[in-house]
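Keep in mind that the numbers below use all heavy atoms, side chains included, and drop hydrogens, waters and symmetry copies. Numbering of ligands and ligand atoms starts at 1, following listing order. Note that this is a predicted model, so its numbers are computed, not measured.
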Amino acid sequence: MADRPLTSDRGPKFTELNDLVSQKAGGKILFATDDWFAVAENLLKVEPAAFDKDAFTSYGKLMDGWETRRKRKEGHDWCVVRLAMPGVIHGVEVDTSFFTGNHAPRVSLQAARLTSQDEAIIPRRVSKMGSEASAANMKKVAALKSEEWQTILPMTATGPGYSNTCRNYYRVQSRDRWTHLRFNIYPDGGVARLRVYGQVIPDWSKLPANMLMDLVAMESGGVCVGYSNVHYGHARNLIGKGRSSVMSDGWETARKIDRPAILESDLRGVLKVPGNEWATFRLGHPGTILKVVIDTNLFKGNFPDSCKVEACNIGMDEESEAMEKFGPPQWKLLLPTVKLSADRLHHFDAPDVKMCGVVSHVRLTMAPDGGISRMRLFGLRRNKANL
Ligand SMILES: NC(=O)NC(NC(N)=O)C(=O)[O-]
C-alpha cells in the first residue's frame, strides 16, 4: 500500500482541505479594479495555469491568471471574491505560475461576512480584458468599505512564477466564518491562481433536523482527513459538488506497481487482490447513515473492482492518530464489499447499508486501485450525545 506523500511534496497540510473559492464549487469574482492583460476569473479556475509563449492578444501577452496594468497612478489593484459557500479558512495558496517579470510582488487578504443586501451594493460585473473599473463603479463599491474588512493575511511578499518559487503558501489564524474576500495585490501585476483552503460551515439552524442530507459533502462541511494515494485526482473530489465533469474531478490513484499478472475472484466475483487504496473523511456533522451512493462516472478503463465503506465515532483528539493509520480499531462496516462497474451510479440502502449508530468519520476503501468520482452518504444528523 502506498503511503500518503510527505506534505513537503504537496504543500502544507491545509492544502488537503476544500478550495472554498474554486469556480467548480461556485466561487465568484464580483469586482476587480483592473482586468487589462487577463481577467480576475482566471484566479478561480481548477486546472493548473498554462502558458503559450507565442500567444498574444491586442492588450499584450496572453496570460492564464489575473494580470493588471503597470500602475501609473496612486493606489493598488484588488478584487472581491464571493466564497462558494460560507466557511472557515485555514490557509491560502497564491500561485504565480508563469508570471516571471510581471508577478504581483506583494499580496494581502481581507475577509467579511456579508448579507445579500450588502452584496447588492456591488455593481454588476462585466468581465472583459482591456478594461478597468469605471470611476462610477469605484464610487459604488466604496460603500462596502472593503478596505476596512478584517485582515486575515497581512501584506506579504510572493515569489515569481518559476517552478521553484511560484507556490506561495500562507497560514490563516482566524477561525471566523466568512462569506467574501478582498484580495489585494501591491501595487499591480499578475497572479495565476488563488486557492483558499478551509471547511464549509453550514447554517445548521436553517436546516431541519430530520432532513435526509449528504453528511460527507463539502457543502455539509465534510473534509478529507487522510488517504493512501491521490496520484491523478485528490480524494477530496469524492465529496465535491454535483457529478464530475472530467476524470480529474474524481479520486484516482496510480496503478499498483506490485499488481499480480493473474487475478482470482471469490465466489461473489469480488477480486482477491493484494492491497487496496483508502481515503478517510470527517463528516460535516455526526449522524446516522442510511444510504450510500458510489459514482464511477467517467472511470471506464480504470474503475475499481470493488469497494467498501466503514464508519466510526471518534473525537477530534483521536482523529490524527486514527486517520493516518490503516487499521484503527473503531471502524464498523457500513457498506460491506460490493462489486463496482464502469461509469455509473451505484445506489445502496438497507440491508446492504448496515446500521452503525451515530458516526463522525468514514473510510472508503477500493480494491485494488483506480478511480471513483463521488461518494454520497445520506443520513440524519444527530448529536454524539444521542448515541
Ligand atoms: N511581456 C509581458 O508579459 N508584459 C506585460 N504583461 C503582459 N501580459 O503583456 C507586463 O510587462 O506587464
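By the 6.0 Å and 45° rule, Lys53 does not stack over the aromatic ring of Phe98. The side-chain tip of Arg182 does not point at the ring of Trp149 from less than 6.0 angstrom away and within 45° of straight on.
Salt bridge Arg82/Glu119: present, at least one basic N to carboxylate O contact under 4.0 Å.
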### Message
Evaluate Phe37 against Trp66 for ring-ring contact (aromatic ring centres under 6.0 Å, His included), listing each step before the verdict.
### Response
CA-CA 8 Å; Phe37 290 112; Trp66 177 38; over 10 Å; no
#### Entry: Audit row: Trp251, His234, ring-ring contact (aromatic ring centres under 6.0 Å, His included) steps and yes/no
CA-CA 5 Å; Trp251 174 39; His234 200 286; 9.6 Å; no
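Each of Phe37, Gly60, Lys61, Met63, Glu67, Arg70, Asn102 has a non-hydrogen atom positioned under 4.0 Å from some atom of ligand 1.
Remark: aromatic rings of His76 and Tyr186 are close, center separation under 6.0 Å.
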